[in-house]
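In the text below, chain A, chain B and the rest are named by the order of the sequence lines, each starting its count at 1. Note that the structure is predicted; figures quoted are calculated from it, not measured.
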There are 2 protein chains.
Amino acid sequence: MKTIRVGNIFDQNCPARTVLDRVGDKWSVMVLIVLAEQKRLRFTQLKDHINGVTPKVLTQSLRAMERDGLINRHIYAEVPPRVEYDLTKLGKSLLKAVSTLASWSEDNVSEIMKARAKYDRGSAG
Amino acid sequence: MKTIRVGNIFDQNCPARTVLDRVGDKWSVMVLIVLAEQKRLRFTQLKDHINGVTPKVLTQSLRAMERDGLINRHIYAEVPPRVEYDLTKLGKSLLKAVSTLASWSEDNVSEIMKARAKYDRGSAG
DNA sequence: CGGAATCCATTATGATACTG
DNA sequence: CAGTATCATAATGGATTCCG
């Protein structure tokens, strides 16, 4: 536990795994971003902002994120029903951490692409 | 493009997606960590360090990582054959970025768990 | 030894339709 | 409107076996 602070990722209930899994989920990250930009959205608005997501899958991500305390779900007992989502402090904090990684990506994507081209040249072409 | 630097993650060939997908892969992150600690390992050593991975899946991760320029694959034309892996500069750099996220996880996991307990109490119990 | 090939189980993802 | 239920399919994950 001295070199890098990554710890026991091999353990099933490792903290890092929890987060890495969520970050690896395409839709969750999109929800994070959209909510950061739009502050507060209803289910359908969210769905419209996130191109191509189906209600089922969106619901799954939303539920998981709510469970982890990343977003709030505000229910209004009206008819037709209204439900709004927004980020919690924790959610905003996570987005910041993720955007660090996104920055790394942008800084290094050209090198990655270069490596891929080289690899593919060697294997196939 | 002003608030947070995340960009066009909705685009299929978005840089961030590339990296996020890789980071979301359990085994790749483990390979990153193990190689950071052990510097250079043979295929079987790697497999032994990473508990529970099968050769097929390990090979897949290794190939993908090699293709992205994250690891080097050194082949020795001996018999029995010997192949060794180590991190490239890019791979080390990525691990650093990932460990930032891991730190975030450790800092916030208790809050996440608290949120989960609360959520589960409300839903089921 | 380092994988490639094969096969199977499980899960993830999605389209579609329906309901409180 | 905000989901849930159902069904179909695809993509992984993994066990196992075999080969250069």
Side-chain angles (χ1 to χ4, degrees), chain A residues 9-12 14 17-18 20-31 34-35 38 40-68 71-86 119 122-124, chain B residues 9-10 12 17-18 20-31 34-35 38 40-68 71-86 119 122-124:
Chain A
I9 206 172
F10 302 89
D11 187 355
Q12 288 296 62
C14 167
R17 264 269 60 82
T18 304
L20 251 19
D21 285 347
R22 188 120 309 284
V23 166
D25 176 33
K26 191 178 171 182
W27 305 119
S28 292
V29 177
M30 290 192 185
V31 169
V34 170
L35 285 183
Q38 307 294 325
R40 183 186 262 240
L41 291 177
R42 304 174 65 159
F43 184 84
T44 302
Q45 293 176 318
L46 215 35
K47 191 167 84 57
D48 291 342
H49 272 85
I50 300 176
N51 206 304
V53 70
T54 60
K56 191 185 97 177
V57 175
L58 181 58
T59 299
Q60 283 173 359
S61 295
L62 253 20
R63 289 289 184 284
M65 295 174 74
E66 186 195 359
R67 189 170 106 100
D68 286 356
I71 60 176
N72 293 124
R73 181 164 174 261
H74 307 276
I75 309 166
Y76 298 87
E78 305 170 356
V79 42
R82 181 158 58 104
V83 178
E84 293 180 352
Y85 295 91
D86 63 359
Y119 183 94
S123 300
Chain B
I9 206 172
F10 301 89
Q12 287 296 61
R17 265 269 61 81
T18 305
L20 251 20
D21 285 346
R22 188 121 309 283
V23 166
D25 176 33
K26 191 177 170 183
W27 304 120
S28 292
V29 177
M30 289 193 186
V31 168
V34 170
L35 285 183
Q38 306 295 324
R40 184 186 261 241
L41 291 176
R42 304 176 62 162
F43 184 86
T44 303
Q45 292 176 318
L46 216 34
K47 191 167 84 60
D48 292 342
H49 272 84
I50 300 176
N51 207 305
V53 70
T54 60
K56 190 185 96 174
V57 175
L58 181 57
T59 299
Q60 284 174 359
S61 295
L62 253 21
R63 288 290 185 283
M65 296 175 74
E66 186 195 358
R67 187 170 108 98
D68 285 356
I71 60 174
N72 293 123
R73 184 164 173 258
H74 307 275
I75 309 165
Y76 298 88
E78 304 172 356
V79 41
R82 181 158 58 103
V83 177
E84 294 181 352
Y85 295 90
D86 62 0
Y119 182 96
S123 300

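The shortest side-chain heavy-atom distance between B/R22 and B/D25 falls under the 4.5 Å cut-off.
Rounding to the nearest 0.5 Å gives a distance of 12.5 Å between CH2 of B/W27 and CG of B/L62. Between atom OG of residue B/S61 and atom CG of residue B/L46 there is a gap of 10.0 Å, rounded to the nearest 0.5 Å. To the nearest 0.5 Å, atom CG of residue B/L58 and atom NE2 of residue B/H49 are 12.5 Å apart. Rounded to the nearest 0.5 Å, atoms CG (A/N72) and CE (A/M65) are 11.0 Å apart. Atoms CZ and CZ, from A/R63 and A/R67 in turn, are 13.0 Å apart once rounded to the nearest 0.5 Å.
Nucleotide C/dG3 holds its P atom 17 Å from the CH2 atom of B/W27, rounded to whole Å. Between B/I75 atom CD1 and C/dG2 atom P the separation is 12 Å, expressed in whole Å. As rounded to whole Å, 16 Å separates atom C1' of C/dA12 from atom CG of A/L58. Taking atom CD1 of B/I50 as the reference point, atom C1' of C/dG3 lies 16 Å away to the nearest angstrom. Distance B/E84 CD to C/dC1 C1': 12 Å, rounded to the nearest Å. Atom pair A/K56:NZ and C/dA17:C1' shows a separation of 13 Å (rounding to whole Å applied). We find that NE2 of B/H74 is positioned 16 Å from C1' of C/dG2, with the value rounded to whole Å.
B/K47 comes within 4.0 angstrom of nothing in the nucleic acid, heavy atoms only. Nucleic acid contact class of B/Y85 (heavy atoms, under 4.0 Å, all strands): sugar-phosphate only.
Taking the 5' to 3' direction, DNA chain D first and last meets chain B under 4.0 angstrom from a heavy atom at D/dG13 to D/dG20.
Contact annotation: B/R42 side-chain N/O to C/dG3 OP1/OP2 distance is not under 4.0 Å. Here B/T44 reaches the OP1 or OP2 of C/dG2: one of its side-chain N or O atoms lies under 4.0 Å away.
Sorted by first and then second residue, the salt bridge (Lys or Arg N to Asp or Glu O under 4.0 Å) pairs with a member in residues 40-59 of chain A read A/R40-A/E84, A/R40-A/D86; sequence neighbours excluded.
Each of A/R63 and A/P80 was matched to the nucleotide of DNA chain D holding its nearest heavy atom; the match closer to the 5' end belongs to A/P80. The residue among A/P81 and A/Q60 whose nearest nucleotide of DNA chain C is located toward the 5' end is A/Q60.
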